[in-house]
Amino acid sequence: MTETWIPLFGGLILLVAGGELLVRGAVQAAERLGISPLVIGLTLVGFGTSMPELVTSVQAGLNGSPGIAYGNVVGSNIANILLIAGVSALICPIIVARSALRRDATVMLAVAAGFAVLAWTVPLGRLAGLGLVALLIGYIAFVVRQERGAADGGALHDKTQALALADPGLAPPHAPGRLALPLLIAFAGLALVVLGGSFLVSGAVALARGFDVSETVIGLTIVAVGTSMPELVTSIIAALKRQGDVAFGNVVGSNIYNLLGIGGATALIAPSRVPAEIVVFDAPLMVGVSLLLVLFAASGLRIGRREGVVLLGGYAAYLGLLWP
């Protein structure tokens, strides 16, 4: 069992530590180059915190394990809504900004539905992957234009703010300095993420074989929750600091990045068909829980503790279905 659990947990630790270093180094380098904090937040921070999912899904795809690759993408989105939003709401009711609900939550729901339909109809090849990545780039460009001078930021702004609450060092003041150290930190973080992703995938495959369960189930649960640790930690810390208003945007922004960025990059680099069990059950469920989150958020612009209990109960039921 050591051949299974040591790579699995070692890979998770490397992913989380590497992702933190990557974001820290990239943000500091961008600050010293004079790049707008808004652009930094919407690009470097968003991609950096999603790097564990990206590397893990791409490596799983290249290793011929589409169940882990796309199970990670879909499972992370389900965990973000049911587990992370549920825990956050229990700690501190989530206040929903109108801009995040009107624009970003609508985009999240549309992207989830589009991904489910795409996975049902065609294999996710390079053309589909290119389309998903192009949509993400267009969305980020649109958000940057809209949020310049806006009174309240949207989901991706909240995703950045949640990370800054967890580690203030990730949002340093503008300060001139040498680029060498931040770049070294960023590359070291990237190396750790790549190494951690490799360990995690090999451990997950071994675990699936050892417990005689499908790789898809491992991808939807252990791998998905493990690679979502940055979002879980940042949302919990934001809730503990009574900053429940950023938790909703953190979840919504992460889900948009997961489907368009990670799903698209995985299809570009390692084209494959989404496993049938994900297409038939998990992808439609992802759309359903996305709609549930939007309905909860639209009722009074807050997600309270009762809704948090419902979300967590839903995740427990989902795990029970996957692990009978």
Side-chain angles (χ1 to χ4, degrees), residues 15 19 22 42-80 104 107-144 155-156 159 190 193-194 197-198 200-201 204-205 215-216 218-220 223-224 227-228 231 252-287 290:
L15 280 171
L22 175 62
L42 297 184
T43 56
L44 294 176
V45 174
F47 282 114
T49 54
S50 295
M51 191 60 70
E53 287 102 328
L54 174 60
V55 170
T56 302
S57 286
V58 169
Q59 289 192 347
L62 291 174
N63 289 350
S65 300
I68 293 177
Y70 290 107
N72 181 34
V73 173
V74 173
S76 289
N77 277 29
I78 294 172
N80 282 345
D104 303 301
V107 170
M108 178 194 71
L109 189 56
V111 166
F115 184 88
V117 171
L118 192 65
W120 181 282
T121 53
V122 296
L124 289 189
R126 289 190 170 89
L127 184 60
L130 184 63
L132 292 173
V133 172
L135 283 174
L136 178 60
I137 293 172
Y139 170 68
I140 292 173
F142 173 72
V143 171
V144 168
L156 301 186
K159 181 174 169 62
L190 180 60
V193 167
V194 172
S198 177
L200 179 62
V201 170
V205 171
E215 292 180 0
T216 300
I218 299 296
L220 287 163
V223 175
T227 57
S228 293
E231 285 82 8
V252 170
S254 297
N255 281 15
I256 293 170
Y257 270 107
N258 283 348
L259 290 174
L260 296 182
I262 297 164
T266 302
L268 265 175
I269 299 171
S272 64
R273 181 175 288 277
V274 179
E277 53 264 49
I278 293 178
V279 170
V280 172
F281 177 69
D282 303 283
L285 178 66
M286 175 185 66
V287 178
S290 298

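The basis for the numbers below is simple: all heavy atoms, side chains too, and nothing from hydrogens, waters or symmetry mates. This one's a predicted model, so the numbers in the text were calculated from it and none came from an experiment.
- Looking at every heavy atom in both residues, T216 comes nearest to G67 through OG1-CA, 3.4 Å.
- Atoms OG and CG, from S290 and N77 in turn, are 6.5 Å apart once rounded to the nearest 0.5 Å.
- The heavy-atom pair separating P123 from R273 by the smallest distance is CG-NH2, 3.1 Å.
- The shortest heavy-atom contact between G129 and A267 is CA-CB, 3.7 Å.
- Taken to the nearest 0.5 Å, the CG atom of L200 stands 5.5 Å off from the CG atom of L15.
- For V73, the side chain to side chain contact (heavy atoms under 4.5 Å, CB included) criterion is met by S57, L259, I262, not counting sequence neighbours.
- Here the CG atom belonging to N258 is positioned 10.0 Å from the CZ atom belonging to F115, to the nearest 0.5 angstrom.
- Residues passing the side chain to side chain contact (heavy atoms under 4.5 Å, CB included) test with L285 are I78, F281, V289, Y318, sequence neighbours excluded.
- Residues V111 and Y257 are not in side-chain contact: their nearest non-hydrogen atoms beyond the backbone lie 4.5 Å or more apart.
- With sequence neighbours left out, the side chain to side chain contact (heavy atoms under 4.5 Å, CB included) criterion links L118 to V122, L124, A128, L132.
- Across every non-hydrogen atom of I68 and V201, the tightest pair is CD1-O, 4.4 Å.
- A 4.5 Å side-chain heavy-atom check between E53 and S228 finds at least one atom pair inside the cut-off.
- Atoms OH and CG, from Y139 and L260 in turn, are 9.0 Å apart once rounded to the nearest 0.5 Å.
- V194 has its side chain within reach of Q59: a pair of non-hydrogen atoms, C-beta onward, lies under 4.5 Å apart.
- For the residue pair N72 / T227, a side-chain donor-acceptor distance below 3.5 Å is found, with atom types taken as modelled.
- Other residues, nucleotides and ligands place no more than 12 heavy atoms under 6.0 Å from the CG atom of L127.
- Taking CG of D104 as the start and CG of L109 as the end, the distance is 12.5 Å to the nearest 0.5 Å.
- Residues S272 and Y70 meet the side-chain proximity criterion, which asks for heavy atoms closer than 4.5 Å.
- Residues G71 and A224 approach most closely at O-CB, 4.3 Å, considering heavy atoms.
- Nearest heavy-atom pair across S65 and V205 is OG-CG2, 3.9 Å.
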